[in-house]
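Just so we're on the same page: letters track the sequence lines, and every chain starts at 1.
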Protein chains: 2
Amino acid sequence: MELSEGKQKFIETWGTLGSSWGINRTMAQVHALLLIAPEAMSSKEIMDDLKISLGNANMNIRALLSWGLIYKHLVPGERKEFFVAEKDMWVVAKKIIEQRKKKELEPLVKALEEISAVEGTGKETEEFKKVVQDLKLFSNKSNSALETLLKADSNWFVGTFMKMIK
Amino acid sequence: MELSEGKQKFIETWGTLGSSWGINRTMAQVHALLLIAPEAMSSKEIMDDLKISLGNANMNIRALLSWGLIYKHLVPGERKEFFVAEKDMWVVAKKIIEQRKKKELEPLVKALEEISAVEGTGKETEEFKKVVQDLKLFSNKSNSALETLLKADSNWFVGTFMKMIK
DNA sequence: CAATCCATTCAATATTTACTGAAAGCTAAT
DNA sequence: ATTAGCTTTCAGTAAATATTGAATGGATTG
């Protein structure tokens with residue numbers, strides 16, 4: 001396979017997969033492009049490479065910055081901004097997990113907390129409370145497990161955790 | 001909080017969150033409804049409760065069945081089918097993880113495998129290969145970690161894993 | 001074997017989500 | 001103070017996804 005073909009395929013795959021990872025397609029493509037870029041790139045270059053509008057490029061670059069998946073890279077004497085991707089995959093994974101936890105788990109934990117305040121004593125109420133309680137227990141556990149994971153470093157993950165889980 | 005209000009809130013929350021969990025809103029709402037239903041429900045009841053069309057109810061029920069999150073429950077003497085949800089949250093989580101792994105991780109592993117076949121020796125090629133290689137390593141590890149997790153039972157998770165990770 | 005009762009499918013439609021392009025904002029150079 | 005270079009915003013539009021409802025299929029009953 002040719003390099004250019006490989007690059008293209010990588011960007012395409014990352015983009016498609018991104019959708020199911022809670023990252024929109026373009027955002028994932030910009031990320032992919034920067035991941036495999038040998039040098040920092042400007043908005044203009046990103047926009048041209050991916051054939052997207054300036055506005056779109058800008059918005060997704062901002063989003064990636066706010067997720068901490070890419071960084072600004074200022075070149076002396078250049079007015080425009082350049083961007084580079086975080087290349088340590090463990091860091092990348094952590095940042096993605098962090099965002100997803102915030103979006104997918106924390107609101108659940110919060111809602112369950114509120115919902116557990118149902119009153120009453122009938123059979124139906126008891127059943128409802130049980131489901132909510134079980135779920136609350138489970139999501140709290142997952143939440144703290146993830147928190148610990150986020151604090152852990154790569155070696156720990158690759159070493160201890162992987163060995164243990166096997 | 002009243003029971004009815006709690007139920008409604010639960011269905012709403014699960015539905016909204018579902019979207020970010022790779023499950024569409026209605027599918028998640030049907031699931032929520034069955035999770036807190038004290039009895040098995042028919043398509044018709046589900047449809048009426050959630051104010052959705054018969055076709056929509058049917059499609060999402062099929063999807064939930066195929067995910068293994070709900071089961072058919074045949075009542076003797078009744079012609080129509082009833083449905084009940086899996087209520088063990090550990091099982092529920094495993095089924096969801098299983099599906100998401102299939103959709104979000106396996107295609108990546110497969111694509112990276114193909115992409116690693118890039119040829120050439122330039123600096124750019126080397127860099128590209130490195131990113132792909134790192135990513136491949138990482139996603140393979142995650143994949144087998146999840147596989148092990150799926151085989152593990154609830155007690156193991158709650159016990160060993162939680163203790164270790166704390 | 002016709003009628004009924006459910007389940008299923010799918011083209012048309014509605015809803016949600018993402019993208020574009022033009023306009024406005026900033027900042028630095030002249 | 002004006003222009004030029006780049007970034008940001010956002011209303012309108014386009015694309016992707018989900019939902020409806022009517023038609024079809026199958027099975028059971030009288």
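When the side-chain nitrogen and oxygen atoms of T26(B) are compared with OP1 and OP2 of dT19(D), one or more of them lie within a distance under 4.0 Å. Applying the 4.0 Å criterion to OP1 and OP2 of dA18(C), one finds that N60(A) has every side-chain N and O outside that range. A close approach under 4.0 Å does not occur between any side-chain nitrogen or oxygen of R79(B) and OP1 or OP2 of dT29(D). Note on S42(B): every side-chain N or O is 4.0 Å or more away from OP1 and OP2 of dC6(C).
Among the heavy atoms of the strands lying under 4.0 Å from I52(A) are primed sugar atoms or P, OP1, OP2 only; no base atom is included.
Ring orientation note: the planes of H31(A) and W14(A) are tilted relative to one another, at an angle of 30° to 60°.
Electrostatic pairing of K7(B) and E124(A) counts as a salt bridge here, judged by a charged N lying under 4.0 Å from a carboxylate O. Under a 4.0 Å N-O distance rule, the pair K102(B)/E147(B) does not qualify as a salt bridge. Classification of E114(B) and K110(B) as a salt-bridged pair holds, one side-chain N sitting under 4.0 Å from a carboxylate O.
Regarding N56(B), its CG atom lies at a distance of 13 Å from the P atom of dT16(C), rounded to whole Å. Counting to the nearest Å, the P atom of dA18(D) and the CD1 atom of I61(B) are 17 Å from each other. Put simply, CD on Q29(B) is 12 Å from C1' on dA18(D), counting in whole angstrom units. Remark: P of dT8(C) and NZ of K44(B) are 17 Å apart, rounded to the nearest angstrom. Counting to the nearest Å, the P atom of dC6(C) and the CE atom of M41(B) are 16 Å from each other. Look at CE on M59(A): it is 9 Å from C1' on dC10(D), rounded to the nearest Å. Note: NZ (K51(B)) to P (dA14(C)) measures 21 Å, nearest angstrom. The CG-P distance, from N58(A) to dC10(D), rounds to 12 Å in whole Å.
With S116(A) as reference, K136(A) is the one residue of K129(A), K136(A), Q133(A) to meet the side chain to side chain donor-acceptor pair (under 3.5 Å) rule.
Listed nucleotides: dT19(D), dT7(D), dA7(C). Nearest to the side chain of K80(A): dT7(D).
With the nearest nucleotide of DNA chain C identified for both S53(A) and E78(B), E78(B) has the one nearer the 5' end.
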